[in-house]
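What follows is a set of notes on a single structure, which appears directly below.
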Protein chains: 2
Amino acid sequence: MRDSGTMSTTRRLGAEDSATRAALLDAARQLLLEEGYAAVTSRRVAARAGLKPQLVHYYFRTMDDLFLALVRRGGEQYLERQARALASPRPLRALWELSSDPAGARLTTELAALANHRKAIRAELAAYAGRIRRLQAEALAGVLAGYGIDAEVVPPEALLVLVTALSQILVLEDTLGATTGHAEMRALVERCLAHYEGPATNG
Amino acid sequence: MRDSGTMSTTRRLGAEDSATRAALLDAARQLLLEEGYAAVTSRRVAARAGLKPQLVHYYFRTMDDLFLALVRRGGEQYLERQARALASPRPLRALWELSSDPAGARLTTELAALANHRKAIRAELAAYAGRIRRLQAEALAGVLAGYGIDAEVVPPEALLVLVTALSQILVLEDTLGATTGHAEMRALVERCLAHYEGPATNG
DNA sequence: GTCTATACTTCGATAGAC
DNA sequence: GTCTATCGAAGTATAGAC
């Protein structure tokens with residue numbers, strides 16, 4: 001019952017807790033970040049990890065399975081980081097900083113582009129996106145009310161879409177080299193954060 | 001002097017006003033939208049247009065040249081549509097609707113993902129992004145002042161980053177099937193637009 | 001768990017005939 | 001302007017030895 005998916009053949013698969021498997025996932029993540037999803041091929045992933053291409057197919061039956069594993073590992077890691085951010089004394093600022101992390105934002109963008117034409121990956125990514133945002137909304141509902149933000153006017157869910165959208169676009173456009181208006185936007189965000197949670201700490 | 005780029009070989013190239021060339025670009029655009037940039041190969045573009053693969057290389061020396069042509073054609077078209085939107089009686093709403101156009105937003109996302117690891121395309125895309133946003137900012141500066149929005153508090157450039165970010169993410173997440181918070185966010189945007197430019201027209 | 005060997009497909013790109 | 005023919009490289013995936 002280890003086989004993920006449709007279980008059509010009898011071919012054996014490597015264990016999920018294998019160090020080699022983790023190394024392949026690390027290599028895939030690097031390639032995804034540095035050169036985009038089209039660069040994540042069995043040959044190149046293996047080369048990056050210093051292994052033979054056939055090992056990729058030993059641990060992941062298909063390349064889609066590898067991408068799925070990448071989404072799941074990344075999703076779980078993000079949920080953990082987010083839980084810590086939401087529990088911090090300045091949850092809004094912590095959330096802004098978490099979603100502004102360049103590596104995370106680029107990974108999300110790349111996986112989203114890939115998911116656009118791969119059904120299984122799309123479903124998995126959408127499921128994580130939903131979980132992540134719902135947990136954010138639950139945790140922030142009380143916080144925002146405490147800040148005097150009326151949920152009738154600005155519902156927590158809407159504010160979270162806004163935070164995600166802004167941080168994502170700023171990172172994406174930075175990567176492209178198109179930064180018109182970024183300084184102004186960051187200043188505006190900083191002013192809002194400072195208003196509700198005080199100035200940024202320099203630690 | 002027709003050769004775009006470094007002019008290293010003497011191979012001939014098709015004319016830029018050719019109907020066949022336009023058909024190839026149309027086919028490439030369709031593939032990009034429907035199946036992502038990885039599906040835009042010379043063979044598949046030609047098949048979609050009902051032509052032979054070698055014709056792609058006759059009109060575009062390399063696949064990068066094809067993508068560049070796609071960026072330029074799309075960029076020019078967008079600049080025209082945007083000029084009309086900004087000159088309309090409700091420029092803010094027109095801009096929101098333009099950037100919320102699913103086809104345009106998806107095309108941008110896909111090209112941005114592609115550009116992440118193709119230098120020439122990245123430069124071209126960034127140049128268009130800069131032009132587009134600067135023209136927006138110029139046109140809206142006076143409008144926003146007329147609405148009583150203080151440019152010291154909310155600079156036009158910042159507002160435009162916000163509009164772009166929100167519309168882009170809403171379309172992207174819709175495509176993925178992750179819509180948590182979207183209804184709330186759209187309602188909030190609609191309230192803002194209605195406040196400054198009156199309710200939506202049903203025509 | 002990792003290797004060699006291999007089958008088959010699709011890719012970008014070019015040369016040269018018509 | 002479009003065709004036939006063709007190259008070498010890279011892709012996914014599998015079988016079976018060690």
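Chain naming here is simple, since letters A, B, ... match the order of the sequence lines and numbering starts at 1 in each. In this text the structure is predicted, and so the values were computed from the model without any measurement.
- B/R90 has its side chain within reach of B/T201: a pair of non-hydrogen atoms, C-beta onward, lies under 4.5 Å apart.
- For the pair A/T20 and C/dT2, the criterion of a side-chain N or O lying under 4.0 Å from OP1 or OP2 is met.
- Of all the heavy atoms in B/L98 and B/A85, the pair that sits closest is CD2-CB, 4.4 Å.
- One atom, NZ of B/K52, and another, C1' of C/dC18, lie 15 Å apart when rounded to the nearest Å.
- Between A/Y58 atom OH and D/dA17 atom P the separation is 17 Å, expressed in whole Å.
- Atom CZ in B/F67 sits roughly 12 Å away from atom C1' in C/dG12 (whole-Å rounding).
- A salt bridge links A/R186 with A/D174: at least one charged nitrogen is closer than 4.0 Å to a carboxylate oxygen.
- The salt bridge (Lys or Arg N to Asp or Glu O under 4.0 Å) test with B/E124 singles out one residue from B/K119, B/R72, B/R73, and that residue is B/R72.
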Per-nt protein contacts along nucleotides 6-13 of chain D (heavy atom under 4.0 Å; B base, S backbone sugar-phosphate only, - none) come out as ----SBBB

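- Salt bridge B/R133/B/E157: absent, no basic N to carboxylate O contact under 4.0 Å.
- Counting to the nearest Å, the C1' atom of C/dC11 and the CG atom of B/L31 are 15 Å from each other.
- Separating the CG atom of A/L13 from the P atom of C/dT2 is a distance of 14 Å, rounded to the nearest angstrom.
- Remark: the A/R21 side chain and the C/dG1 base include no donor-acceptor N/O pair separated by less than 3.5 Å.
- Between A/D65 atom CG and D/dT14 atom C1' there is a gap of 15 Å when expressed in whole angstrom units.
- Side chain A/R12 to base C/dT2: a donor-acceptor pair is found below 3.5 Å.
- A salt bridge links A/E190 and A/R93; the closest N-O separation between the charged side-chain nitrogens and carboxylate oxygens is under 4.0 Å.
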